[in-house]
Chemist: 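Before we start, here is the structure in question, set down as C-alpha coordinates.
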Amino acid sequence: MVLRDKFIKKDSSEEESVLICSSTHHMLQADRLLRQHNFKVELVPTPRGIGSACTTAIRFAKNLKEEIKDVIMATDIDWKGIYDIEKKNRLEDWKDIWNLEINSKFSRVLKKIAKDEVLNISEIKTLLKANRESELEALFLAANRIREEAVKDTVDVRAAIEFSNYCHKNCNYCGLRRENKNLTRYRMTEDEIIKVTKEIYELGIETVILQSGEDPWYTTDKIVKIIRRIKEEFGMKITLSLGERTKKEYKVFKEAGADNYLLKIEAANKDLFNQIHPDDNYEVRSKHTKWLKELGYITGSGGMIGLPSQSIEDLAKDILFQKKYGIHMIGVGPFLPANNTPYAEYKSGDLITTLKVVAVMRLVCQNVFIPATTAIASLDSEGQEKALESGANVIMLIMTPPQLRENYEIYSNKNMVDLDWAVESIMAANRKIPEYLNLDKLNRIDRSEVDARYTTG
Ligand code: 5AD
Ligand code: SF4
(Lines give C-alpha, C1' and ligand atoms only; values in the text may rest on other atoms or scores of the structure.)
(Ligands and ions follow the chains in the order given, each with its own letter.)
Protein backbone atom coordinates (compact mmCIF):
# COMPACT_ATOMS: atom_id res chain seq x y z
CA MET A 1 0.00 0.00 0.00
CA VAL A 2 1.30 3.44 -0.84
CA LEU A 3 1.06 5.82 2.04
CA ARG A 4 0.01 9.33 1.36
CA ASP A 5 2.13 12.13 2.78
CA LYS A 6 -0.16 12.85 5.63
CA PHE A 7 0.11 9.34 7.03
CA ILE A 8 3.86 9.38 7.16
CA LYS A 9 5.20 9.79 10.64
CA LYS A 10 7.21 12.97 11.00
CA ASP A 11 10.80 12.40 11.85
CA SER A 12 12.27 14.79 14.35
CA SER A 13 14.65 16.50 11.95
CA GLU A 14 11.90 17.35 9.51
CA GLU A 15 10.91 20.96 8.98
CA GLU A 16 7.66 22.02 10.58
CA SER A 17 4.96 24.62 10.13
CA VAL A 18 2.16 25.89 12.35
CA LEU A 19 -1.37 27.02 11.72
CA ILE A 20 -2.62 29.93 13.81
CA CYS A 21 -6.35 30.70 14.13
CA SER A 22 -8.08 33.82 15.37
CA SER A 23 -9.47 32.19 18.52
CA THR A 24 -9.23 29.04 20.60
CA HIS A 25 -12.63 28.02 19.31
CA HIS A 26 -11.43 28.12 15.70
CA MET A 27 -8.15 26.46 16.65
CA LEU A 28 -9.96 23.51 18.21
CA GLN A 29 -12.30 23.26 15.25
CA ALA A 30 -9.32 23.19 12.87
CA ASP A 31 -7.54 20.61 15.02
CA ARG A 32 -10.58 18.30 14.96
CA LEU A 33 -11.08 18.76 11.23
CA LEU A 34 -7.44 18.02 10.38
CA ARG A 35 -7.48 14.91 12.58
CA GLN A 36 -10.63 13.73 10.83
CA HIS A 37 -8.72 14.11 7.57
CA ASN A 38 -5.96 11.94 9.10
CA PHE A 39 -3.31 14.62 9.18
CA LYS A 40 -0.70 14.14 11.86
CA VAL A 41 -1.14 17.39 13.82
CA GLU A 42 -0.35 18.47 17.35
CA LEU A 43 -1.67 21.27 19.55
CA VAL A 44 1.41 23.03 20.89
CA PRO A 45 2.33 26.30 22.61
CA THR A 46 2.83 28.81 19.79
CA PRO A 47 6.50 28.55 18.83
CA ARG A 48 9.04 31.19 19.70
CA GLY A 49 9.04 34.13 17.31
CA ILE A 50 5.53 33.46 16.01
CA GLY A 51 3.33 34.35 18.96
CA SER A 52 2.91 34.56 22.68
CA ALA A 53 3.69 31.59 24.92
CA CYS A 54 0.15 31.56 26.28
CA THR A 55 -1.52 30.73 23.00
CA THR A 56 -1.86 27.47 21.11
CA ALA A 57 -0.91 26.58 17.56
CA ILE A 58 -1.38 23.49 15.40
CA ARG A 59 1.92 21.98 14.35
CA PHE A 60 2.54 19.70 11.37
CA ALA A 61 5.25 18.72 8.88
CA LYS A 62 6.03 21.53 6.46
CA ASN A 63 5.34 19.39 3.39
CA LEU A 64 1.66 19.18 4.37
CA LYS A 65 1.27 22.95 4.22
CA GLU A 66 -0.57 23.27 0.92
CA GLU A 67 -2.87 20.34 1.54
CA ILE A 68 -3.77 21.65 5.00
CA LYS A 69 -4.37 25.12 3.62
CA ASP A 70 -6.82 23.71 1.08
CA VAL A 71 -8.75 21.82 3.74
CA ILE A 72 -8.99 24.86 6.01
CA MET A 73 -9.91 27.24 3.20
CA ALA A 74 -12.88 25.07 2.29
CA THR A 75 -14.42 25.82 5.72
CA ASP A 76 -15.40 29.00 7.54
CA ILE A 77 -12.64 28.52 10.13
CA ASP A 78 -11.15 31.93 10.84
CA TRP A 79 -7.41 31.40 10.51
CA LYS A 80 -4.60 33.94 10.67
CA GLY A 81 -1.96 32.12 8.72
CA ILE A 82 0.45 29.25 8.33
CA TYR A 83 4.00 29.96 9.41
CA ASP A 84 7.16 27.96 8.98
CA ILE A 85 9.01 27.33 12.19
CA GLU A 86 12.28 29.09 11.63
CA LYS A 87 15.37 27.22 12.64
CA LYS A 88 17.96 29.57 14.03
CA ASN A 89 21.67 29.04 14.05
CA ARG A 90 23.28 30.50 17.15
CA LEU A 91 26.69 28.86 16.87
CA GLU A 92 28.39 32.23 16.35
CA ASP A 93 26.36 34.01 19.02
CA TRP A 94 27.19 31.37 21.61
CA LYS A 95 30.96 31.55 21.09
CA ASP A 96 31.53 32.34 24.76
CA ILE A 97 29.78 29.08 25.66
CA TRP A 98 32.03 27.03 23.36
CA ASN A 99 35.03 28.64 25.03
CA LEU A 100 34.07 27.17 28.38
CA GLU A 101 35.71 23.94 29.45
CA ILE A 102 33.05 21.46 28.40
CA ASN A 103 33.58 17.96 27.11
CA SER A 104 32.88 17.17 23.49
CA LYS A 105 29.77 15.05 24.09
CA PHE A 106 28.17 17.78 26.17
CA SER A 107 29.14 20.48 23.69
CA ARG A 108 27.72 18.44 20.78
CA VAL A 109 24.31 18.39 22.47
CA LEU A 110 24.35 22.09 23.29
CA LYS A 111 25.32 22.77 19.69
CA LYS A 112 22.21 20.91 18.56
CA ILE A 113 20.16 23.30 20.68
CA ALA A 114 22.08 26.21 19.19
CA LYS A 115 20.98 24.98 15.76
CA ASP A 116 17.38 24.34 16.86
CA GLU A 117 17.67 20.60 16.42
CA VAL A 118 15.49 18.20 18.40
CA LEU A 119 17.12 16.24 21.24
CA ASN A 120 16.53 12.57 21.95
CA ILE A 121 16.35 11.07 25.42
CA SER A 122 20.02 10.17 25.65
CA GLU A 123 21.03 13.71 24.67
CA ILE A 124 18.71 15.12 27.33
CA LYS A 125 20.38 12.80 29.84
CA THR A 126 23.78 14.11 28.79
CA LEU A 127 22.67 17.64 29.67
CA LEU A 128 21.14 16.53 32.97
CA LYS A 129 24.39 14.81 33.93
CA ALA A 130 26.32 18.09 33.83
CA ASN A 131 28.31 18.34 37.03
CA ARG A 132 31.50 20.28 36.37
CA GLU A 133 31.26 23.95 37.26
CA SER A 134 31.93 24.94 33.65
CA GLU A 135 29.28 22.59 32.27
CA LEU A 136 26.68 23.94 34.66
CA GLU A 137 27.66 27.45 33.65
CA ALA A 138 27.24 26.55 29.98
CA LEU A 139 23.88 24.91 30.58
CA PHE A 140 22.43 27.79 32.59
CA LEU A 141 23.81 30.37 30.15
CA ALA A 142 22.23 28.60 27.19
CA ALA A 143 18.89 28.20 29.00
CA ASN A 144 18.89 31.84 29.98
CA ARG A 145 19.50 32.89 26.39
CA ILE A 146 16.71 30.72 25.00
CA ARG A 147 14.46 32.08 27.76
CA GLU A 148 15.30 35.64 26.71
CA GLU A 149 14.64 34.89 23.04
CA ALA A 150 11.36 33.08 23.71
CA VAL A 151 9.70 34.97 26.56
CA LYS A 152 11.84 38.11 27.05
CA ASP A 153 12.95 39.59 30.37
CA THR A 154 9.74 40.33 32.23
CA VAL A 155 8.90 37.88 34.99
CA ASP A 156 5.20 37.13 35.00
CA VAL A 157 3.67 37.31 38.48
CA ARG A 158 0.54 35.36 39.34
CA ALA A 159 -1.14 34.61 42.63
CA ALA A 160 -2.62 31.49 44.17
CA ILE A 161 -5.42 31.07 46.68
CA GLU A 162 -5.20 27.69 48.36
CA PHE A 163 -8.90 27.62 49.16
CA SER A 164 -9.27 24.12 50.63
CA ASN A 165 -6.82 21.65 52.14
CA TYR A 166 -9.29 18.78 52.20
CA CYS A 167 -8.25 15.96 49.91
CA HIS A 168 -9.83 12.56 49.26
CA LYS A 169 -6.58 11.16 47.88
CA ASN A 170 -3.60 9.75 49.64
CA CYS A 171 -0.52 10.60 47.58
CA ASN A 172 2.48 9.25 49.47
CA TYR A 173 4.49 12.47 49.29
CA CYS A 174 1.84 15.05 50.17
CA GLY A 175 0.93 16.50 53.54
CA LEU A 176 -2.71 17.03 52.46
CA ARG A 177 -3.25 13.28 51.96
CA ARG A 178 -6.47 12.06 53.57
CA GLU A 179 -4.73 9.86 56.13
CA ASN A 180 -2.89 12.79 57.62
CA LYS A 181 -5.01 13.33 60.72
CA ASN A 182 -2.62 15.90 62.16
CA LEU A 183 -3.67 18.65 59.82
CA THR A 184 -6.35 21.20 60.67
CA ARG A 185 -8.57 21.16 57.61
CA TYR A 186 -10.26 24.27 56.21
CA ARG A 187 -12.50 25.34 53.36
CA MET A 188 -12.92 28.92 52.22
CA THR A 189 -16.38 30.17 51.31
CA GLU A 190 -17.17 31.72 47.97
CA ASP A 191 -17.19 35.19 49.56
CA GLU A 192 -13.84 34.59 51.23
CA ILE A 193 -12.35 33.51 47.89
CA ILE A 194 -13.75 36.59 46.17
CA LYS A 195 -12.36 38.83 48.92
CA VAL A 196 -8.84 37.48 48.42
CA THR A 197 -9.23 37.66 44.63
CA LYS A 198 -10.00 41.38 45.10
CA GLU A 199 -6.75 41.80 47.04
CA ILE A 200 -4.90 40.07 44.22
CA TYR A 201 -6.64 42.26 41.67
CA GLU A 202 -5.55 45.33 43.63
CA LEU A 203 -1.93 44.19 43.38
CA GLY A 204 -2.40 44.56 39.63
CA ILE A 205 -2.04 40.82 39.07
CA GLU A 206 -3.92 39.48 36.06
CA THR A 207 -4.13 35.75 36.79
CA VAL A 208 -5.56 34.11 39.89
CA ILE A 209 -4.85 30.45 40.58
CA LEU A 210 -7.55 28.62 42.51
CA GLN A 211 -5.83 25.67 44.13
CA SER A 212 -7.06 22.97 46.49
CA GLY A 213 -6.73 19.34 47.41
CA GLU A 214 -9.12 17.05 45.55
CA ASP A 215 -12.21 18.18 47.37
CA PRO A 216 -15.57 17.16 45.89
CA TRP A 217 -17.32 19.37 48.49
CA TYR A 218 -16.76 22.07 45.88
CA THR A 219 -19.31 20.75 43.43
CA THR A 220 -19.37 21.70 39.76
CA ASP A 221 -21.95 24.38 40.53
CA LYS A 222 -19.95 25.89 43.38
CA ILE A 223 -16.83 26.18 41.22
CA VAL A 224 -18.82 27.59 38.31
CA LYS A 225 -20.28 30.28 40.57
CA ILE A 226 -16.81 31.28 41.75
CA ILE A 227 -15.47 31.39 38.18
CA ARG A 228 -18.39 33.54 37.01
CA ARG A 229 -18.03 35.99 39.88
CA ILE A 230 -14.31 36.43 39.33
CA LYS A 231 -14.89 37.03 35.62
CA GLU A 232 -17.74 39.48 36.23
CA GLU A 233 -16.19 41.39 39.09
CA PHE A 234 -12.54 41.48 38.06
CA GLY A 235 -12.22 40.13 34.52
CA MET A 236 -9.09 38.25 35.59
CA LYS A 237 -7.64 35.16 33.98
CA ILE A 238 -8.38 32.06 36.04
CA THR A 239 -6.19 29.02 36.53
CA LEU A 240 -7.85 26.04 38.15
CA SER A 241 -5.76 23.56 40.11
CA LEU A 242 -8.32 21.22 41.63
CA GLY A 243 -6.83 17.85 40.74
CA GLU A 244 -8.64 15.33 38.58
CA ARG A 245 -12.28 16.08 37.73
CA THR A 246 -14.55 14.59 35.06
CA LYS A 247 -14.25 15.58 31.41
CA LYS A 248 -17.71 17.11 31.65
CA GLU A 249 -16.64 19.27 34.57
CA TYR A 250 -13.50 20.47 32.77
CA LYS A 251 -15.78 21.46 29.89
CA VAL A 252 -18.29 23.25 32.11
CA PHE A 253 -15.52 25.14 33.92
CA LYS A 254 -14.03 26.19 30.59
CA GLU A 255 -17.37 27.42 29.34
CA ALA A 256 -17.90 29.33 32.58
CA GLY A 257 -14.67 31.25 31.90
CA ALA A 258 -11.71 29.26 33.28
CA ASP A 259 -8.64 29.89 31.12
CA ASN A 260 -5.94 27.58 32.42
CA TYR A 261 -5.87 24.23 34.18
CA LEU A 262 -2.96 22.98 36.20
CA LEU A 263 -2.78 19.20 36.57
CA LYS A 264 0.70 17.90 37.19
CA ILE A 265 1.97 14.59 35.96
CA GLU A 266 4.47 14.69 38.87
CA ALA A 267 6.48 11.79 37.42
CA ALA A 268 6.30 10.69 33.79
CA ASN A 269 7.80 7.28 34.50
CA LYS A 270 4.68 5.16 34.72
CA ASP A 271 5.97 2.89 37.50
CA LEU A 272 7.18 5.79 39.58
CA PHE A 273 3.88 7.63 39.04
CA ASN A 274 1.90 4.62 40.22
CA GLN A 275 4.24 4.02 43.15
CA ILE A 276 3.76 7.53 44.59
CA HIS A 277 0.02 7.78 43.83
CA PRO A 278 -1.91 4.93 45.50
CA ASP A 279 -5.25 6.27 44.16
CA ASP A 280 -4.13 7.28 40.69
CA ASN A 281 -3.10 5.77 37.46
CA TYR A 282 -0.58 7.09 34.95
CA GLU A 283 -2.80 6.43 31.92
CA VAL A 284 -5.71 8.26 33.51
CA ARG A 285 -3.60 11.30 34.41
CA SER A 286 -2.19 11.43 30.86
CA LYS A 287 -5.68 11.11 29.41
CA HIS A 288 -6.92 14.00 31.54
CA THR A 289 -4.00 16.10 30.34
CA LYS A 290 -5.01 15.38 26.77
CA TRP A 291 -8.65 16.24 27.46
CA LEU A 292 -7.68 19.58 28.96
CA LYS A 293 -5.82 20.47 25.81
CA GLU A 294 -8.62 19.31 23.56
CA LEU A 295 -11.04 21.48 25.53
CA GLY A 296 -8.91 24.53 24.79
CA TYR A 297 -7.27 25.07 28.17
CA ILE A 298 -3.85 26.56 28.43
CA THR A 299 -2.48 23.60 30.33
CA GLY A 300 -0.07 23.38 33.20
CA SER A 301 1.89 20.32 34.26
CA GLY A 302 5.30 19.56 35.72
CA GLY A 303 6.62 17.44 38.49
CA MET A 304 8.89 16.82 41.41
CA ILE A 305 12.60 16.27 41.43
CA GLY A 306 14.33 13.95 43.86
CA LEU A 307 11.49 11.50 44.46
CA PRO A 308 12.56 8.20 46.00
CA SER A 309 14.20 5.95 43.39
CA GLN A 310 13.87 8.57 40.61
CA SER A 311 16.68 8.35 38.05
CA ILE A 312 18.18 10.74 35.50
CA GLU A 313 16.32 8.78 32.86
CA ASP A 314 13.06 9.49 34.71
CA LEU A 315 13.83 13.22 34.73
CA ALA A 316 14.53 13.10 31.01
CA LYS A 317 11.15 11.41 30.54
CA ASP A 318 9.51 14.18 32.57
CA ILE A 319 10.95 16.72 30.15
CA LEU A 320 9.86 14.79 27.07
CA PHE A 321 6.36 14.39 28.50
CA GLN A 322 5.88 18.16 28.71
CA LYS A 323 7.11 18.55 25.16
CA LYS A 324 4.99 15.70 23.81
CA TYR A 325 1.80 16.95 25.45
CA GLY A 326 2.44 20.55 24.37
CA ILE A 327 2.25 21.87 27.93
CA HIS A 328 2.26 25.67 28.27
CA MET A 329 3.13 26.05 31.95
CA ILE A 330 5.67 23.70 33.46
CA GLY A 331 6.20 23.78 37.20
CA VAL A 332 9.12 21.82 38.52
CA GLY A 333 10.30 21.79 42.08
CA PRO A 334 12.23 19.62 44.48
CA PHE A 335 10.43 16.91 46.39
CA LEU A 336 10.31 18.11 50.00
CA PRO A 337 9.49 15.69 52.82
CA ALA A 338 6.16 16.37 54.50
CA ASN A 339 5.52 15.45 58.13
CA ASN A 340 3.03 12.65 58.77
CA THR A 341 3.40 11.09 55.34
CA PRO A 342 5.03 7.80 54.28
CA TYR A 343 7.84 9.84 52.73
CA ALA A 344 8.46 12.04 55.79
CA GLU A 345 11.93 10.62 56.35
CA TYR A 346 13.18 10.78 52.77
CA LYS A 347 15.65 13.46 51.82
CA SER A 348 14.73 16.53 49.78
CA GLY A 349 15.46 16.88 46.09
CA ASP A 350 18.59 18.95 45.61
CA LEU A 351 18.82 22.46 44.26
CA ILE A 352 21.33 21.85 41.48
CA THR A 353 19.35 18.94 40.00
CA THR A 354 16.20 21.07 40.13
CA LEU A 355 17.94 23.96 38.38
CA LYS A 356 19.30 21.58 35.74
CA VAL A 357 15.79 20.29 35.04
CA VAL A 358 14.49 23.89 34.79
CA ALA A 359 17.29 24.71 32.33
CA VAL A 360 16.86 21.63 30.15
CA MET A 361 13.08 22.09 30.21
CA ARG A 362 13.60 25.57 28.80
CA LEU A 363 16.04 24.34 26.15
CA VAL A 364 13.66 21.60 25.02
CA CYS A 365 10.24 23.28 25.35
CA GLN A 366 11.33 26.90 24.69
CA ASN A 367 8.23 29.10 24.33
CA VAL A 368 6.55 28.12 27.59
CA PHE A 369 5.99 29.47 31.08
CA ILE A 370 8.30 27.99 33.68
CA PRO A 371 7.68 29.14 37.23
CA ALA A 372 10.41 29.54 39.80
CA THR A 373 8.30 27.48 42.19
CA THR A 374 7.53 27.98 45.88
CA ALA A 375 9.12 24.57 46.47
CA ILE A 376 12.43 25.91 45.11
CA ALA A 377 12.08 28.98 47.37
CA SER A 378 11.40 26.66 50.29
CA LEU A 379 14.50 24.58 49.63
CA ASP A 380 16.85 27.56 49.32
CA SER A 381 16.14 31.21 50.08
CA GLU A 382 17.93 32.22 46.89
CA GLY A 383 16.39 29.37 44.93
CA GLN A 384 13.86 31.45 43.02
CA GLU A 385 16.44 33.94 41.90
CA LYS A 386 18.65 31.08 40.73
CA ALA A 387 15.75 29.44 38.90
CA LEU A 388 15.05 32.74 37.11
CA GLU A 389 18.67 32.69 36.01
CA SER A 390 18.36 29.12 34.74
CA GLY A 391 15.35 29.47 32.46
CA ALA A 392 12.33 30.28 34.66
CA ASN A 393 10.08 33.27 33.94
CA VAL A 394 7.14 33.20 36.36
CA ILE A 395 6.63 33.66 40.10
CA MET A 396 3.47 32.68 41.91
CA LEU A 397 2.53 34.51 45.08
CA ILE A 398 0.74 32.66 47.85
CA MET A 399 -2.25 34.79 48.84
CA THR A 400 -4.02 32.32 51.09
CA PRO A 401 -5.16 34.19 54.24
CA PRO A 402 -2.41 34.05 56.90
CA GLN A 403 -4.49 32.17 59.48
CA LEU A 404 -5.10 29.34 56.96
CA ARG A 405 -1.92 29.15 54.92
CA GLU A 406 0.12 27.26 57.53
CA ASN A 407 -2.40 24.44 57.18
CA TYR A 408 -1.87 24.15 53.45
CA GLU A 409 1.11 22.03 54.36
CA ILE A 410 1.75 20.03 51.18
CA TYR A 411 5.31 19.83 52.49
CA SER A 412 6.92 21.06 55.67
CA ASN A 413 8.70 24.43 56.03
CA LYS A 414 6.98 26.01 53.05
CA ASN A 415 8.20 29.47 52.14
CA MET A 416 5.54 32.17 51.88
CA VAL A 417 6.16 33.97 48.65
CA ASP A 418 4.50 37.40 48.78
CA LEU A 419 4.75 40.49 46.56
CA ASP A 420 7.88 41.83 48.27
CA TRP A 421 9.59 38.47 48.09
CA ALA A 422 8.79 38.14 44.37
CA VAL A 423 9.99 41.65 43.56
CA GLU A 424 13.19 41.01 45.50
CA SER A 425 13.82 37.80 43.55
CA ILE A 426 13.16 39.54 40.24
CA MET A 427 15.56 42.35 41.09
CA ALA A 428 18.21 39.96 42.35
CA ALA A 429 18.02 38.10 39.05
CA ASN A 430 18.28 41.40 37.17
CA ARG A 431 15.01 40.92 35.40
CA LYS A 432 12.05 43.13 34.63
CA ILE A 433 9.12 43.65 36.98
CA PRO A 434 5.85 43.48 35.02
CA GLU A 435 4.23 46.87 34.44
CA TYR A 436 0.86 45.65 35.64
CA LEU A 437 2.08 45.20 39.24
CA ASN A 438 0.94 47.85 41.71
CA LEU A 439 4.17 48.52 43.58
CA ASP A 440 2.40 50.83 46.05
CA LYS A 441 1.40 47.59 47.73
CA LEU A 442 4.97 46.68 48.68
CA ASN A 443 5.39 46.36 52.43
CA ARG A 444 9.04 45.80 53.22
CA ILE A 445 10.87 47.02 50.15
CA ASP A 446 11.39 50.73 49.72
CA ARG A 447 9.42 51.74 46.64
CA SER A 448 11.97 54.41 45.67
CA GLU A 449 14.67 51.74 45.51
CA VAL A 450 12.63 49.84 42.94
CA ASP A 451 11.80 52.99 40.95
CA ALA A 452 15.44 54.05 40.89
CA ARG A 453 16.41 50.75 39.31
CA TYR A 454 13.68 50.58 36.77
CA THR A 455 12.87 54.11 35.68
CA THR A 456 16.34 55.32 34.76
CA GLY A 457 17.87 54.45 31.43
N1 5AD B 1 7.23 18.08 47.83
C2 5AD B 1 7.17 18.90 46.79
N3 5AD B 1 6.05 19.21 46.14
C4 5AD B 1 4.92 18.67 46.60
N5 5AD B 1 3.68 18.76 46.20
C6 5AD B 1 2.91 18.01 46.98
N7 5AD B 1 3.64 17.42 47.92
C8 5AD B 1 4.90 17.79 47.71
C9 5AD B 1 6.11 17.50 48.33
N10 5AD B 1 6.18 16.70 49.37
C11 5AD B 1 3.28 19.55 45.05
C12 5AD B 1 2.92 18.63 43.93
C13 5AD B 1 1.44 18.73 43.85
C14 5AD B 1 1.09 19.99 44.58
C15 5AD B 1 -0.17 19.87 45.35
O16 5AD B 1 2.15 20.27 45.42
O17 5AD B 1 3.53 19.04 42.72
O18 5AD B 1 0.99 18.84 42.52
FE1 SF4 C 1 -4.32 15.50 47.34
FE2 SF4 C 1 -2.94 16.68 45.40
FE3 SF4 C 1 -1.81 16.19 47.76
FE4 SF4 C 1 -2.38 14.17 46.12
S5 SF4 C 1 -0.89 15.85 45.74
S6 SF4 C 1 -2.79 14.24 48.33
S7 SF4 C 1 -4.26 14.87 45.19
S8 SF4 C 1 -3.48 17.57 47.37
Side-chain angles (χ1 to χ4, degrees), residues 160-183 185-187 209-218 239-245 260-268 272-282 284-285 288-289 292 299-308 310 315 318 321-322 327 329-351 353-354 357-358 361 370-380 383 387 396 398 400 405 407-415 417:
I161 310 174
E162 299 150 330
F163 64 89
S164 162
N165 69 351
Y166 279 84
C167 188
H168 64 182
K169 285 199 175 154
N170 220 12
C171 307
N172 287 333
Y173 51 85
C174 178
L176 305 194
R177 68 202 303 273
R178 65 170 183 269
E179 275 177 21
N180 181 3
K181 305 290 182 216
N182 292 309
L183 195 65
R185 304 279 173 168
Y186 68 87
R187 289 186 175 112
I209 300 148
L210 300 177
Q211 186 158 62
S212 66
E214 288 202 13
D215 185 4
W217 185 87
Y218 293 87
T239 300
L240 297 178
S241 177
L242 319 174
E244 289 179 1
R245 293 268 177 154
N260 315 330
Y261 204 104
L262 185 57
L263 181 69
K264 291 189 177 179
I265 189 71
E266 311 292 0
L272 181 56
F273 179 97
N274 293 340
Q275 175 194 321
I276 64 179
H277 295 115
D279 308 300
D280 291 317
N281 171 291
Y282 176 81
V284 172
R285 182 66 54 92
H288 282 234
T289 307
L292 291 167
T299 46
S301 186
M304 281 172 286
I305 290 140
L307 287 163
Q310 191 180 40
L315 297 176
D318 288 347
F321 178 95
Q322 316 300 327
I327 302 298
M329 172 95 173
I330 308 166
V332 290
F335 156 75
L336 298 168
N339 295 334
N340 308 305
T341 65
Y343 292 178
E345 302 304 325
Y346 287 114
K347 67 176 194 339
S348 305
D350 76 277
L351 182 66
T353 312
T354 307
V357 174
V358 167
M361 197 70 89
I370 301 184
T373 54
T374 310
I376 300 181
S378 304
L379 181 68
D380 183 312
M396 281 191 224
I398 306 285
T400 311
R405 61 176 65 161
N407 292 320
Y408 204 84
E409 205 184 354
I410 44 182
Y411 44 79
S412 306
N413 308 315
K414 192 164 132 211
N415 187 316
V417 176

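Counting starts at 1 for both ligands and their atoms, in listed order.
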Chemist: Can you list the residues that meet the ring pair (Phe, Tyr, Trp, His ring centres under 6.0 Å) rule with Phe321, with sequence neighbours excluded?
Modeler: Tyr325
Chemist: Give a yes or no on whether atom 5 (S) of ligand 2 lies under 4.0 Å from any heavy atom of the protein.
Modeler: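 Protein heavy atom within 4.0 Å of atom 5 (S) of ligand 2: present.
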Chemist: Could you tell me whether the side chain of Ile265 reaches within less than 4.5 Å of the side chain of Tyr282, counting heavy atoms only?
Modeler: yes
Chemist: Tell me yes or no: between the side chains of Asn407 and Asn165, is some donor less than 3.5 Å from an acceptor?
Modeler: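 No, because no side-chain N or O of Asn407 sits under 3.5 Å from a partner of the opposite role on Asn165.
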Chemist: If every non-hydrogen atom of Gln211 is compared with every non-hydrogen atom of Tyr408, which pair is closest and at what distance?
Modeler: CG-OH, 3.5 Å
Chemist: What is the minimum heavy-atom distance between Arg177 and Asn172, and which atoms define it?
Modeler: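 Arg177 and Asn172 have their closest heavy atoms at NH2-OD1, 3.4 Å.
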Chemist: For a quick check: using heavy atoms under 4.0 Å, what are the residues in contact with ligand 1, sorted by chain and number?
Modeler: Tyr173, Cys174, Lys264, Glu266, Met304, Pro334, Phe335, Leu336, Ile410, Tyr411
Chemist: Heavy atoms, side chains only, cut-off 4.5 Å: are Tyr186 and Thr400 in contact?
Modeler: yes
Chemist: Between Glu244 and Asp280, what is the shortest heavy-atom contact and its length?
Modeler: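 So the minimum-distance heavy-atom pair works out to OE1-OD1, 3.6 Å.
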Chemist: Heavy atoms, side chains only, cut-off 4.5 Å: are Asn413 and Ser378 in contact?
Modeler: no
Chemist: Could you tell me whether the side chain of Tyr411 reaches within less than 4.5 Å of the side chain of Leu379, counting heavy atoms only?
Modeler: no
Chemist: What residues, two or more places apart in sequence or in another chain, satisfy ring pair (Phe, Tyr, Trp, His ring centres under 6.0 Å) together with Tyr218?
Modeler: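 Ring pair (Phe, Tyr, Trp, His ring centres under 6.0 Å) list for Tyr218, sorted by chain: Phe163.
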Chemist: Which residues and atoms, counting only protein N, O or S, are under 2.8 Å from atom 3 (Fe) of ligand 2?
Modeler: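 Metal shell, protein only: Cys174 SG.
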